[in-house]
Enquirer: 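Once you've had a glance at the structure underneath, I'll fire off some questions.
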Protein chains: 2
Amino acid sequence: MERSTRQRTAIRNTIEQSERPLAPQEILALAQAEVPQLSLATVYRNLALLQEAGEISTVLLPGDSARYESVHLDHHHHFQCQKCERVFDIPGCVGDLLNSVPRGFVVERHEITLYGTCKGCGPTAKAGGKKRDVSGAATAHSHSHKSHGH
Amino acid sequence: MERSTRQRTAIRNTIEQSERPLAPQEILALAQAEVPQLSLATVYRNLALLQEAGEISTVLLPGDSARYESVHLDHHHHFQCQKCERVFDIPGCVGDLLNSVPRGFVVERHEITLYGTCKGCGPTAKAGGKKRDVSGAATAHSHSHKSHGH
DNA sequence: TCTTTATTGATAATGATTTCGCATTTGCGT
DNA sequence: ACGCAAATGCGAAATCATTATCAATAAAGA
């Protein structure tokens, strides 16, 4: 059966406790604080397991590779900082104003991504600070759990 | 200086005349109707040039590779069919209801992607029809040019 | 504690997309 | 018509995220 390993627990906690979607690399870096020798392959293997178990969901952003977050979150969208590249959750939804599609098209799901500057990076230059920092701290929402459906 | 070649013209026309964003492979397939020996490398090289020239823009969808479309289009968003995987333009915008971001965050741009079933695929099974068809015909908007700002 | 086997770590392998290298072709100004 | 640099074709090479290998490790029940 499914065993409880230190690495799996670390990975799960890292995701569950994060206030924003994390990329595999970020998860690796953060979880290594708890399990130093943790391998990226293990992160991927567990992401797959946790996903099958329905504990986490995949967050896909335009032109970027997958990130993961807890499924125990209200319906929300994402904000990616154009400087630090980190992704934050934005609570709420713009509404069902999505009926403007042409005749014959049926919408089942939607994805909204906002781009700009995050709290941490402040309203300075348009861009600049290269690459991600893998750690990160800033928060964007109050982590209100449960109660889906938008 | 910049020369006018048959392949460049074919590529430009293909994109300009398409009613939806096209992936490099799709552009290759469509433009080969005009220039049979066209190479994929040439498509990529010209996409870069046309983009620098400000003629086309990149369309990025969550978890998918880049597509390209003319910049001469009103502000709009995209709809991807979950069956044929083709991407259509959806005119208009849900509005500036994007002020719901947390304090300290500044939104500069947004991206909205709708998922569902397109006109051509009809409201049948949830999914199924594998892979793209590279050609495609269906239309989703009236191609009204110019007049940005949303 | 012993046994079984899920799990891990390290690394090679994939698969897909995009870029390069280079010899050949071809616009385009003269 | 000439000449040269831009542009092309095609295959190799580079990226990159994700997956597969496989020997070694360590949960969990007996």
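Letters A, B, ... mirror the listed sequences (proteins, then strands); counts begin at 1.
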Enquirer: Taking only residues two or more places apart in sequence, or in another chain, which ones meet A:E34 in a salt bridge (charged side-chain N to carboxylate O under 4.0 Å, His left out)?
Expert: none
Enquirer: For D:dT18, take OP1 and OP2 only and decide whether either is under 4.0 Å from a side-chain N or O of A:Y44.
Expert: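 Yes, because at least one side-chain N or O of A:Y44 sits under 4.0 Å from OP1 or OP2 of D:dT18.
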Enquirer: Which whole-number value in Å describes the distance from A:L49 CG to D:dT18 C1'?
Expert: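 Distance, rounded to whole Å: 15 Å.
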Enquirer: At under 4.0 Å between heavy atoms, how does the protein contact nucleotides 20-25 of chain C? Give one character per nucleotide, 5' to 3', with B, S or -.
Expert: BB----
Enquirer: Kindly compute the distance separating CG (A:L73) from CD (A:E19), expressed to the nearest 0.5 Å.
Expert: 11.0 Å
Enquirer: Between the two ends of the helix from C:dT1-D:dA30 to C:dT30-D:dA1, what is the bend in degrees, rounded to 10 degrees, where each end axis spans five pairs?
Expert: 40°
Enquirer: In whole Å, what is the span from the CG atom of B:D64 to the P atom of C:dT18?
Expert: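 Distance, rounded to whole Å: 10 Å.
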Enquirer: Can the ring centroids of B:F105 and A:F79 be said to lie less than 6.0 angstrom from one another?
Expert: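 Centroid distance B:F105-A:F79: below 6.0 Å, so yes.
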Enquirer: Tell me every residue that passes side chain to side chain contact (heavy atoms under 4.5 Å, CB included) with A:L60, counting only those two or more places apart in sequence or in another chain.
Expert: A:T58, A:A66, B:P62
Enquirer: Could I get the full list of salt bridge (charged side-chain N to carboxylate O under 4.0 Å, His left out) partners for A:E69, not counting sequence neighbours?
Expert: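 For A:E69, no residue satisfies salt bridge (charged side-chain N to carboxylate O under 4.0 Å, His left out) once neighbours in sequence are set aside.
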Enquirer: Would you say B:S39 reaches D:dT8's phosphate, i.e. side-chain N/O to OP1/OP2 under 4.0 Å?
Expert: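 So the side chain of B:S39 is outside the cut-off, no N or O lying under 4.0 Å from OP1 or OP2 of D:dT8.
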Enquirer: What residues in residues 53-63 of chain A put a non-hydrogen atom under 4.0 Å from any atom of DNA chain D?
Expert: none
Enquirer: Once rounded to the nearest 0.5 Å, what's the spacing between atom CD1 of A:I11 and atom CD1 of A:I56?
Expert: 9.0 Å
Enquirer: Just distance, no hydrogens or angles: give the donor-acceptor pairs under 3.5 Å from side chains in residues 38-49 of chain A, sequence neighbours left out.
Expert:
from, atom 1, to, atom 2, distance (Å)
A:S39, OG, A:A41, N, 3.0
A:T42, OG1, A:R45, NH2, 3.2
A:N46, OD1, A:R8, NE, 2.6
A:N46, OD1, A:R8, NH2, 3.3
A:N46, ND2, A:T42, O, 2.9

Enquirer: Starting at atom CG of A:L40, determine the distance to atom C1' of C:dT14, rounded to an integer number of angstrom.
Expert: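 Answer to the nearest Å: 15 Å.
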Enquirer: Rounded off to whole Å, could you give me the CG-to-C1' distance for the B:L47 and C:dT17 pair?
Expert: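 Taking atom C1' of C:dT17 as the reference, CG of B:L47 is at 13 Å.
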Enquirer: Please tell me whether B:H77 and A:H110 form a close aromatic pair, meaning their ring centres lie under 6.0 Å apart.
Expert: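 That pair fails the under 6.0 Å test.
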Enquirer: Please report the interatomic distance SG(A:C121) to CD(A:Q82), rounded to the nearest 0.5 Å.
Expert: 10.5 Å
Enquirer: Would a hydrophobic clustering, with Ile, Leu, Val, Met, Phe, Trp and Tyr connected at side-chain separations under 4.5 Å, put B:V107 with A:F88?
Expert: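 Yes, B:V107 and A:F88 fall within the same hydrophobic cluster.
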Enquirer: In the hydrophobic cluster built from side-chain contacts under 4.5 Å, what are the other members alongside A:V87?
Expert: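 Other cluster members: A:V59, A:L61.
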Enquirer: Return the value, rounded to whole Å, for the distance between atom CG of B:L50 and atom C1' of D:dA6.
Expert: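 Those two atoms, CG and C1', are 15 Å apart.
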Enquirer: Among residues at least two apart in sequence or on other chains, which ones pass side chain to side chain donor-acceptor pair (under 3.5 Å) with A:Q7?
Expert: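 Scan of A:Q7 (side chain to side chain donor-acceptor pair (under 3.5 Å), adjacent residues dropped) gives none.
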Enquirer: Calculate the interatomic distance between B:Q37 atom CD and D:dG11 atom P; express it in whole Å.
Expert: 14 Å
Enquirer: Mind checking what makes side chain to side chain donor-acceptor pair (under 3.5 Å) contact with A:E55, not counting sequence neighbours?
Expert: A:R12
Enquirer: When you measure from every atom of DNA chain C, which of residues 2-11 of chain B have a heavy atom less than 4.0 Å away?
Expert: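 Of all residues in residues 2-11 of chain B, the ones placing a heavy atom under 4.0 Å from DNA chain C are B:R3, B:S4.
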Enquirer: Check the distance between D:dT8's C1' and B:R12's CZ and give it to me in whole angstrom.
Expert: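 Computing the B:R12:CZ to D:dT8:C1' distance gives 16 Å.
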Enquirer: Output all residues satisfying side chain to side chain contact (heavy atoms under 4.5 Å, CB included) with B:A33, sequence neighbours left out; order by chain, then residue number.
Expert: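 Here no residue qualifies.
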Enquirer: Quick one: B:E26 CD to C:dT18 C1', roughly how many Å, whole number?
Expert: 17 Å
